[in-house]
Amino acid sequence: MTEQPELSDVLRDRREKLDRIREAGIDPFPHEFAEREEIVAVRAAHEGLAPGVETDSRHRVAGRIVARRGHGKAAFLDLRDGSGQIQLHAREDLLGEEAFERLVHLDLGDIVGVEGAALATRRGGELSLAIDRWRLLAKSLRPPPGKFHGLEDVETRYRRRELDLIANETSRRVLALRARTIGEVRRWLDERGFVEVETPVLQPLYGGALARPFVTHHNALDRDFYLRIATELYLKRLVVGGIDRVYELGKDFRNEGVSHKHNPEFTMLEWYEAYADYGKTARDLELLVAEVAERVLGTTTIQRGETAIDLAPPWRRMTLREAIRERAGVDIAERPTREALAAAMGTEPDPAEGWGKLVDGLLSKSVEPELVQPTFVLDYPVELSPFAKAHRSEEGLVERWEAFVGGMEIANSFSELNDPDAQRRRFEQQAAELARGDEEAQPYDEAFVEALEQGMPPTGGVGLGIDRLVMMLTGAQSVREVVLFPAMRF
RNA sequence: GCCCCCGUAGCUCAGUUGGUUAGAGCGGCGGCCUUUUAAGCCGCGCGGCGCGGGUUCGAAUCCCGCCGGGGGUACCA
């Protein structure tokens, strides 16, 4: 034992049982248990078996013992595998005295393989296996979390997710639903001819979003690398290269605070479609989200607290100017300088905050929490969007939208800026923001501008926050509920 | 980063005007019982009260510091 010099009684008991098992010549950690059935298949095979009926249909299953109810020369055990749970009926007359005694003295949490015939109990009619053979497959040396109350301590649930999964059905459900969501998102894109790619996580220069990066160091090259904050710039270089429909689904990293909607590493989908604009991407996003919900949940209606949210398209569309005027009572078009806007908001302008930052603040504080039903907010100030193309008719704005559901941003999109000279000027504006003290401004990326000089078709791009989508589909209030191992202090 | 709340048994929790060896249910251990089942029946606490100081005759309880978590806030997706 390295972790504790003195073992608690609970742990010592299990160690002693392990020793006794070994002394009896039994391998407590054998190598396999072949030709087992999944429990869910056994259940399906005996659907509707009448109470009291004993069949001669034999099954071989394996899993963790999650409960035991002793009964003298008989006992009931609940066995669970990845597919489900089934009751085992252990009887001394079927097993023989020695095998029965060893079985009854197993600990909750031990993993066993068993064989026996299916029956439905007389009283409850519960499907059970009357086992006549069994084998220990792995000894559990630590007690399982409580099965009655489950494991509720959130810290333990996040730090030791394996215990959470053992104890809590809802956690297992969220994990499965997340996996299916990601699968359906991929399928939706694949079916439409999008090509999945992988671009660098370690980048010499970060970009594609307004955020602070993590920095790491490459020893052999003796250079610092940034963990990507977005995949945007590399993906657009692929569009230049002729990949007309491209996507990447993977992790981004942003060096920001953690909250119920922010984990420092999070899963982002970005897709780019050549010859499309931000109107097309909006129609695609609402379609994608609705179809994924339909396939994963069987409905496009989700519940968020007391409110039912309908994800079926079309979603509401409103301009950012309208949204802020409606919710905050300020017309940003009439307050075109940071001093004027700050005055209208009744605040002192922070020296590090430009006009765009103030608008962003109004959006996230006054507008975002109110957007519960799916809504596209359209047409952002150019200051906030260094990679979006100028609006075709509105001066000072770009063709960009953000999608909000349940009071949270889930996606962001624009008609991509493909004029290299305009892109250069945007980088120069960002440099000014950096100089002013905005640590989230963009560093200049010459390789990206040169790629645009090669010629990029008009393109629509989207970023969809997968964690937040899963939060919506599962009803989770915290991103930590949908991320298996959320960032914690250590 | 700041503010508020929380940290008692393997699990879920009682216990604060400071007062005898710190409690319950589940789990565990022992016994009984061949169809129980959100925990069959009977019996037995198995504990450095997050860590370190301090006040006091006496601290789980009061004070200070630290660690960890939750909620809010700032920043952001």
Side-chain angles (χ1 to χ4, degrees), chain A residues 4 6-14 16-17 51-52 54 66-78 85 87-95 100 104-105 107-109 119-126 128 130 140 142-159 163 166-168 208-212 229-230 252-270 350 352-353 357 360-361 363-365 368 402-404 408-412 438-440 463-469 471 477-480 486 488-490:
Chain A
Q4 310 169 266
E6 285 186 26
L7 294 175
S8 73
D9 288 350
V10 180
L11 300 186
R12 198 182 54 229
D13 270 358
R14 288 178 178 243
E16 286 172 3
K17 285 187 181 179
E54 302 190 10
V66 295
R68 177 182 50 224
R69 296 170 291 281
H71 242 294
K73 297 196 187 311
F76 292 93
L77 304 160
D78 292 335
Q85 189 169 315
Q87 175 167 274
L88 307 178
H89 191 199
R91 294 162 44 176
E92 196 192 65
D93 59 347
L94 291 179
L95 284 160
F100 179 77
V104 166
H105 284 100
D107 289 314
L108 292 188
L119 64 92
T121 59
R122 289 205 279 270
R123 206 168 301 175
E126 177 162 348
S128 310
S140 168
R142 291 179 180 274
K147 65 175 157 61
F148 184 63
H149 294 283
L151 177 67
E152 295 182 353
D153 181 79
V154 292
E155 180 173 359
T156 308
R157 288 187 49 236
Y158 297 159
R159 287 186 188 275
L163 298 184
I166 289 170
N168 296 317
L210 304 179
R212 297 167 67 183
I229 60 173
D252 289 345
F253 307 83
R254 297 188 187 174
N255 208 336
E256 310 283 354
V258 299
S259 81
H260 68 104
K261 42 178 157 166
H262 301 271
N263 197 55
E265 56 180 291
F266 61 102
T267 303
M268 176 76 108
L269 164 68
E270 289 191 34
D350 184 317
E353 286 186 334
K357 278 271 167 189
D360 195 36
L363 172 63
S364 56
K365 282 183 208 83
E368 178 169 351
E402 290 186 303
F404 297 87
M408 210 160 55
E409 182 192 342
I410 65 162
N412 178 28
D438 182 351
E439 296 181 80
E440 291 167 354
L464 170 63
I466 295 294
D467 308 282
R468 290 182 174 185
L469 176 63
M471 284 174 71
Q477 297 295 321
S478 168
V479 68
R480 291 176 172 140
M488 303 285 273
R489 233 179 269 270
F490 59 91

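Naming convention: chains lettered A, B, ... in sequence-line order (proteins, then strands); numbering from 1 in each chain. Everything numeric here is computed off the predicted structure, so don't read it as measured data.
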Quick one: is [X] getting a side-chain N or O under 4.0 Å of the [N] phosphate, OP1 or OP2?
X      : N     : answer
A/R480 : B/G71 : yes
A/R159 : B/G69 : yes
A/K17  : B/G28 : no
A/R91  : B/U35 : no

Determine the contact category for [X]: base if any of its heavy atoms lies under 4.0 Å from a base atom, sugar-phosphate if only primed atoms, P, OP1 or OP2 are that close, otherwise nothing.
X      : result
A/G463 : nothing
A/G465 : nothing
A/D78  : nothing
A/L210 : sugar-phosphate
A/N263 : base
A/E92  : nothing
A/E54  : base

request  = Tell whether A/E126 reaches the base of B/U37 with its side chain through a donor-acceptor pair below 3.5 angstrom.
outcome  =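 Side chain to base: pair present.
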inquiry  = Would the base of B/U35 count as contacting A/S128 through its side chain, where contact means a donor and an acceptor less than 3.5 Å apart?
reply    =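 Checked by distance alone, the answer is no.
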Roughly how many Å is it from [atom1] in [X] to [atom2] in [N], rounded to a whole number?
X      : N     : atom1 : atom2 : result
A/E152 : B/U8  : CD    : P     : 13 Å
A/M488 : B/G7  : CE    : P     : 17 Å
A/L119 : B/U37 : CG    : C1'   : 14 Å
A/R157 : B/G68 : CZ    : P     : 21 Å
A/R212 : B/C75 : CZ    : C1'   : 9 Å
A/R14  : B/G10 : CZ    : C1'   : 9 Å
A/L163 : B/U12 : CG    : P     : 10 Å
A/H105 : B/G30 : NE2   : P     : 6 Å

task = Let me know, please, whether A/T156 or A/Q87 comes out on the 5' side of the other along RNA chain B by nearest nucleotide.
result =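 This one resolves to A/T156.
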query = If you pin A/G125 and A/D467 to their nearest nucleotides in RNA chain B, which one's is more 5'?
reply =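 Nearest-nucleotide comparison on RNA chain B picks A/G125.
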Note, A/T121 side chain near A/H89 side chain (heavy atom, < 4.5 Å) =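 When only atoms from C-beta onward are counted, A/H89 and A/T121 do not touch, as no gap falls below 4.5 Å.
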query = Can you tell if the side chain of A/L163 reaches within under 4.5 Å of the side chain of A/T156, non-hydrogen atoms only?
reply =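 A side-chain contact under 4.5 Å exists here.
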request  = Verify, without hydrogens or angle tests, whether A/K17 (side chain) and A/H105 (backbone) share a donor-acceptor contact under 3.5 angstrom.
outcome  =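 A pair under 3.5 Å: yes.
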key: A/S128 (side chain) donor-acceptor with A/E126 (main chain) under 3.5 angstrom   =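 Yes; at least one donor-acceptor contact below 3.5 Å.
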key: Residues forming a salt bridge (Lys or Arg N to Asp or Glu O under 4.0 Å) with A/D78, sequence neighbours excluded   =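 Here the qualifying residues are A/R69.
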task = Could I get the full list of salt bridge (Lys or Arg N to Asp or Glu O under 4.0 Å) partners for A/E54, not counting sequence neighbours?
result =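 A/E54 satisfies salt bridge (Lys or Arg N to Asp or Glu O under 4.0 Å) with no other residue.
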key: Pairwise C1' distance for B/C29 and B/A9, with rounding to whole Å   =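 Here B/C29 and B/A9 have their C1' atoms 15 Å from each other.
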task = With P as the reference atom in both, quote the distance from B/U12 to B/G52 in angstrom, rounded to an integer.
result =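 23 Å, rounded to whole Å.
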